[in-house]
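Residue numbers start from 1 in every chain, and the chains themselves are labelled A, B, ... in the order their sequence lines are given, proteins ahead of strands.
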Amino acid sequence: MELIAKRPNGTKDMIPAEAHKWHTVEHIASETAECFGFKEIRFPMFEETGLFKRSVGDTTDVVQKEMYTVTAKGDDSFTLRPEGTAGTVRAVLQNGLLNDALPLKAYYIISCFRHEKAQKGRLREFHQFGIEMFGSKSYLADADVIALAQTVLERLGIKNTELNINSIGCPQCRQKYQDALREYFSAYKDKLCDTCLSRMEKNPMRILDCKSEICSDIAKDAPIILDYLCEECNEHFENLKENLTERGIKFTVNPKIVRGLDYYTKTVFEFVSNSIGAQGTICGGGRYDGLVEQLGGQPTPALGFAMGIERLLLTMEAENCEFFAPKTCDVYIAAMGKAAEKKTVQLVNLLRDEGYHAEYDVMGRGLKAQMKYADKIGSKFTIVLGDNELEKGTAKLKNMAKGEETEITLGDGFIDRFSDMLIGDMFDGSLGDNLF
RNA sequence: GUGGAUAUAGCGUAGCUGGUUAACGCGUCAGUUUGUGGCACUGAAGACCAUGGGUUCGAAUCCCAUUAUCCACCCCA
């Protein structure tokens, strides 16, 4: 087939047959967030470019080479959001939300945009479920946020994951640590890869994350951030680990995880799936105690995480997790003849007004074909309407699963009689679980 | 951005040592007598064999380029 336009590189279409999968993730994620006291926030898909530069960080890959930046007619430069935290913080500040009772807890389901080379689990337009919490500096907040992420994954049925945590300290301890790293790595200047060499000055911590064999070999014996934490950061991390253990949340301390966004402080963590290949990070997050102040607010500790919805779906499919059953038709009205047509529309309207999922033939098909279609769409009941029935003022109501047919009187009180019959059938145990 | 692989009807595949109307399964549609689905049988529609060039008497089959997808690097959700 020759199309005049193709889907842009790195984007996906969500087709109706798969809608229930997205609904499963979105519903479970938002319901779980609500359980933990989070409320939904929505904010623009694009922001002033400077917002991302200042929050995500000028030196990060995301800002340097992955942003979709557009200039409108005026002078302002706007950027399609590459992540959700910056926009959330901006919206929180602009609406003065931190003046209300703290902690402030918000969640979102959004699309994000990054100009990367597409591959499995890495898209140019992707979707995130994320949460942010403002106001608490306690390790309890960290633990609660991690527990929320864990609960969402559990409720989705995802099993094959590992939780990695680390602390990258506050700006003070990080400064000391980075100096130590530079000193250590400078001894290997001639062996490190080019990217790592350029990382030396700007962000030596990223060298720890390098996948090249040589670099990671050298990094094995590099100083560890945890040895450089100040008293406060160390205590925070110790308390967090203890609390997670008390909650029964299994984790691995991985001194090498360094989130690639500049705003993180102290706790960072990620859930990695072993089921979907190289792009296995299905949830990443941490604390960003300095960001609110950096964007012009009062100093306010904060933290959050984001999950990649496409990656969650990949994982669920790989692990054969259960999705919500797709909604199916409650009753299909199969009609024959012009006279029945009017009555059919009347009945369908009645049924739909009552909230039933009711359908009828708009294809001009014969009775047999209509029945076939009714079966195809999984209709629980069919109503057959023809001249015979119209004369008598009745219709045939057929339970598709059982194949049984009964007569139902049309006219006043039809809906009540119809509902009664459904309930009767439900007690017979013949109906599925998503009747209403 | 860098490597490697792949690209045939809506989907999944066969055909690929070049040669008549490109095959199969699923799906779609229609029939298998009177007004009733699931099973079975029969038939039909649907592909300029990713796109653009080239080699050749002749290419889905060989060559080149482009694009997309997949895998890895990188990065991250």
TODO: Would you check if the distance from the ring center of A/Tyr107 to the ring center of A/Phe36 is below 6.0 Å?
DONE: no
Open item on the list: Counting distance alone, no hydrogens or angles: does the base of B/rU69 have a donor or acceptor under 3.5 Å from a partner atom on the side chain of A/Lys120?
Closed with: no
Task: Within 6.0 angstrom of A/Phe323 CZ, more than 12 heavy atoms from elsewhere - done: yes
- [ ] Determine, for A/Lys53 against A/Asp58, whether the closest basic-nitrogen to carboxylate-oxygen distance falls under 4.0 angstrom.
- [x] no
- [ ] Please tell me which of the listed nucleotides, B/rG1, B/rA77, B/rC73, lies nearest to the side chain of A/Lys117?
- [x] B/rG1
TODO: Could you tell me whether A/Gly10 contacts a base, only the sugar-phosphate backbone, or nothing, with contacts defined as non-hydrogen atoms closer than 4.0 Å?
DONE: sugar-phosphate
Open item on the list: Using heavy-atom distances to pick each residue's nearest nucleotide on RNA chain B, tell me which of A/Gly284 and A/Asn9 is more 5'.
Closed with: A/Asn9
Open item on the list: Among B/rC73, B/rU67, B/rC71, which nucleotide has an atom closest to any side-chain atom of A/Lys6?
Closed with: B/rU67
Open item on the list: Tell me whether A/Lys392 is salt-bridged to A/Glu407, with the criterion being a basic N under 4.0 Å from an acidic carboxylate O.
Closed with: yes
TODO: For B/rA40 and B/rG35, measure between their P atoms and round to the nearest Å.
DONE: 25 Å
- [ ] Take atom CZ of A/Arg42 as the centre, draw a 6.0 Å sphere, and report whether it contains more than 12 heavy atoms from other residues, nucleotides or ligands.
- [x] no
Open item on the list: Under 4.0 Å, heavy atom to any atom of RNA chain B: which of residues 301-320 of chain A qualify?
Closed with: A/Ala306, A/Gly308, A/Arg311
Open item on the list: Across nucleotides 26-38 of chain B, 5' to 3', mark each nucleotide with B, S or - according to how protein heavy atoms within less than 4.0 Å reach it.
Closed with: -SSSS----BBBB
